[in-house]
There are 2 protein chains.
Amino acid sequence: MGLVQIAEEFAQQVDAASSPDELAALLDAAARAMDFRFFALTHHVDLPRAPQPAVRLHNYPLGWVDYFDEHRLGPCDPVHRASHLTSVGFRWTRLAAMLDLTTRDRDILHGARRAGIGDGFTVPAHVPGESAGSCSFATADGRPVREEWLPLAQLVGAIAFEGARRLWGLRELGPDQRPKLTDRQRDCLYWAARGKSDWEIARILGISHDTVIQHLKQARERYGVGKRTQLLVHALFDGTLTFVDVLRR
Amino acid sequence: MGLVQIAEEFAQQVDAASSPDELAALLDAAARAMDFRFFALTHHVDLPRAPQPAVRLHNYPLGWVDYFDEHRLGPCDPVHRASHLTSVGFRWTRLAAMLDLTTRDRDILHGARRAGIGDGFTVPAHVPGESAGSCSFATADGRPVREEWLPLAQLVGAIAFEGARRLWGLRELGPDQRPKLTDRQRDCLYWAARGKSDWEIARILGISHDTVIQHLKQARERYGVGKRTQLLVHALFDGTLTFVDVLRR
DNA sequence: GGGCCAGTCCCCAGAAATGGGGATTTCAGC
DNA sequence: GCTGAAATCCCCATTTCTGGGGACTGGCCC
């Protein structure tokens, strides 16, 4: 069976999974099939204090997990930090080239090795507005990473992360929970998000100041919020606006 | 040659490419190899310090590009909006399920069809705090998307995006140029994002109204923006805040 | 025709945010 | 012991937003 067929089958199984445990089992099997020993799919947060729900699935040795949590490595683990710098998977051997490794980083990598974790490959996964995350695969210490599996690992990691997003309900909005804005309301909100005042928006759209106020007023009503900031967050969350829209020059 | 071999070869070629034109040629060839006709790699950037040209590589028909620009569709293209809601590639047929399509959205999709663009597949890509974008592949109108190529399209899209980041020099800017907020600034922003007024935040945090104003003032300065809305967008984009934080009840 | 909705415009009063000045304390790092 | 950053507090004036009232047009659907 070709690698891509494996990826497709994996995707179907992930789609069918209905619990984090099932997803973990699928990842465990996939990791082993690719000659890895460990997997770790996680949001990069300080888990002990993070607001739920943050994603974390793995089959790392317990000793390592305890160490990790005790030292609050979520946000500072070098593998996680490196995964914030790229959009495709990378081998851990490239870490030193991607980051300036500090003494502490080296300690962390050493600690992992002592816990039995060998070489690895990490697939970053980011969705704007959500915690940064990644899906890593690692060999048992002493065993090499098999290059020929890495493209598949990239696919499997991405698919698994998206599956986790679904299972954790990170973007669930009830059937008709999504308020709809009119085109004009969205126009106004778009410029408001870019930091324009109502008066400036009026000039940009060629309508009166009062009309802009009116559109934004109604947009707030539709989302049931009273503040421009909340309106913006909701619109970004449900895809009415995107970061690209708002941040682009 | 297996699909994964194609991906590996593509990755090597992208690594070797030394100009956007070369990358475009590689993408054109890859798209055709996957039975697509068009590709479009758009890469929108937000780097307050170093103004970067936005990346746009594509082989769309000129008529469509003109239409797109004339009507200033950039900010509202539904494909771009959807690409911010997921971490894996999606077929355009799923757009309606991912977003509420407005009349204008349907017009855009119609316009694309009239310009000869058929069905497509879009791979989102995001690096927190730095850039977001996507790589799309589309068939000529009337031709179906070949499902069996989509896993490869996912790989090719991701590799191409990362190649564009390299070619546009985005990776050399150093990781930690982006603004960091102090704990207190983040506390204030967190509550501001949830719609609290400065006065309410002061009561919640047990500090004076003026101090809250001060923290938010300095937070705006760090991001180089003048409005609360912009501050919020930047913080969400680079992961300082997440939707989970802000929308959780 | 009547109802509904999007879009446009107008008014007002009060609350909130922004941009400018200041200031002190505490604590970590050199 | 000095420096710098963070956190705290205070004042001012101005702009901007929010919530409350209205009104008129042009489509669309039944």
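In what follows, chains carry the letters A, B, and so on, assigned in the order in which the sequence lines appear, proteins first and then strands, with residues in each chain numbered from 1. Below, each value reflects all heavy atoms present in this structure, side chains not excepted, and no hydrogens, waters or symmetry copies.
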Nearest-nucleotide check on DNA chain D, T182(B) vs K227(B); residue mapping nearer the 5' end is T182(B)

Report, one line per pair, each donor and acceptor closer than 3.5 Å where one atom sits in a side chain of residues 119-129 of chain A; sequence neighbours left out.
residue	atom	partner	partner atom	Å
D119(A)	OD2	R91(A)	NH2	2.5
T122(A)	OG1	W92(A)	NE1	2.7
T122(A)	OG1	S136(A)	OG	2.7
H126(A)	NE2	S83(A)	O	2.9

(request) Could you give me the CA-CA distance, side-chain angles and deciding distance for S208(A) and D210(A), then say whether side chain to side chain donor-acceptor pair (under 3.5 Å) is met? (result) CA-CA 5 Å; S208(A) 92; D210(A) 280 306; 4.8 Å; no

Next on the checklist: Please evaluate residues H209(B) and I213(B) with respect to the criterion side-chain contact (heavy atoms from CB on, under 4.5 Å), reporting the C-alpha separation (whole Å), side-chain torsions for both, the decisive distance (0.1 Å), and the verdict.
Outcome noted: CA-CA 6 Å; H209(B) 186 190; I213(B) 292 175; 3.7 Å; yes

Rounded to the nearest 0.5 angstrom, the CG-CG distance for L231(A) and L216(A) is 7.0 Å

Residues 131-141 of chain B vs salt bridge (Lys or Arg N to Asp or Glu O under 4.0 Å), sequence neighbours excluded, gives R113(B)-D141(B)

W199(B) CH2 to dC17(D) C1', in whole Å, measures 19 Å

Chain A reaches DNA chain C, atoms under 4.0 Å from its heavy atoms, from dA6(C) to dC11(C)

Q230(A) CD to dT18(D) C1', in whole Å, measures 12 Å

Query raised in the report: Any luck finding a side-chain donor-acceptor pair between R194(B) and Y190(B) under 3.5 Å?
Result: yes

Residues passing the side-chain hydrogen bond (donor to acceptor under 3.5 Å, both in side chains) test with T86(B), sequence neighbours excluded, are E162(A)

The salt bridge (charged side-chain N to carboxylate O under 4.0 Å, His left out) partners of R184(B) (sequence neighbours excluded) come to D187(B)

Here the residues of residues 201-224 of chain A within 4.0 Å heavy-atom distance, strictly under, of DNA chain D are I213(A), K217(A), R220(A)

